[in-house]
Amino acid sequence: MGELENPTTMPKMINYLSSLLQRVAESNDIHTLSIIPQKVSVFHGLTPPTISIPCYLERIFKYANCSPCCFVVAYVYLDRFTQRQPLLLLNSFNIHRLLITSIMVAAKFMDDLYYNNAYYAKIGGISTTEMNFLEMDFLFGLGFHLNVTPTTFHTYCSYLQREMLLLQSPLNLVISDSNSSIIIGKSANNKLIHFCFDEDETTSPHQLHQQLDV
């Protein structure tokens, strides 16, 4: 976790994570017009927000003042949330609300000091009432599974850091062993990776799923 305290690390991670989510959302927007069934949730807006995903995440990073680990934990929560609800695809209509909610929940769970829902609502551009409602729906969607073990945290953190390094390299790498198969590099940049852990989350990831196949 100490490497996240480096002042140059988090902006790069935020940039990569926002770029990944932007591509996932844009790809799933195409599915919205197809015959692929999708779940419409309380996180869906009538229209996509005018602010881009990268700018939105940068805004949260600037004003939330939460610890750097909260962004990795929020990514874990998003992964768990979408795994439990496979018909809910991240797209331009729901990603902004999911982001502000997942980061707020992560901050409450990880940090000793954190801002209240009204403050996060202002950052996210929504009302406090909606923020409260989104938080409850998100918690129930997670099954209140908020604990993130050190093994889980470092797995997600290592994945993000590895992808950031590959952004500076033209090479594509495939790392695999008997229990996992992690495809990283250009071919993975348009995919949201799901790390599926054993119930106690004390082992390495044994299976990977892509929400997208592009």
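Hydrogens, waters and symmetry mates play no part in the numbers below; they use all other heavy atoms, side chains included. For the single chain, residues carry numbers from 1 onward in sequence order.
- With T82 contributing its side chain and D79 its backbone, the two residues share a donor-acceptor pair below 3.5 Å.
- With sequence neighbours left out, the salt bridge (Lys or Arg N to Asp or Glu O under 4.0 Å) criterion links E58 to no other residue.
- The closest donor-acceptor contact from the side chain of N94 to the backbone of L89 lies under 3.5 Å.
- For S52, the side-chain contact (heavy atoms from CB on, under 4.5 Å) test picks out Q22, P54, C55, with sequence neighbours left out.
- Shortest non-hydrogen contact noted between F71 and L17 is O-CD2, 4.3 Å.
- When atom types are taken as modelled, the side chain of T155 and the backbone of T151 share a donor-acceptor pair closer than 3.5 angstrom.
- Applying the salt bridge (charged side-chain N to carboxylate O under 4.0 Å, His left out) test to pairs two or more places apart or on separate chains, those with a residue in residues 107-123 are K108-E135.
- Residues satisfying the ring-ring contact (aromatic ring centres under 6.0 Å, His included) test with Y114, not counting sequence neighbours, are none.
- Residues passing the side chain to side chain donor-acceptor pair (under 3.5 Å) test with S92 are D29, sequence neighbours excluded.
- Taking Y77 as the reference, nothing meets the ring-ring contact (aromatic ring centres under 6.0 Å, His included) condition, with sequence neighbours excluded.
- Screening L139, I126, N117 for a side-chain contact (heavy atoms from CB on, under 4.5 Å) involving L134 leaves a single residue, I126.
- Applying the ring-ring contact (aromatic ring centres under 6.0 Å, His included) criterion to F133, with sequence neighbours excluded, gives no partner residue.
- For A64, the side-chain contact (heavy atoms from CB on, under 4.5 Å) partners two or more places apart in sequence, or in a different chain, are I60, C66, Y120, I123.
- Sorted by first and then second residue, the salt bridge (charged side-chain N to carboxylate O under 4.0 Å, His left out) pairs with a member in residues 82-97 read R97-E130; sequence neighbours excluded.
- Residues satisfying the side-chain contact (heavy atoms from CB on, under 4.5 Å) test with T128, not counting sequence neighbours, are A118, A121, N132.
- We find the CG-CE distance between L146 and M110 to be 11.0 Å, quoted to the nearest 0.5 Å.
- In terms of modelled atom types and a separation under 3.5 Å, the side chain of H96 and the main chain of I51 share a donor-acceptor contact.
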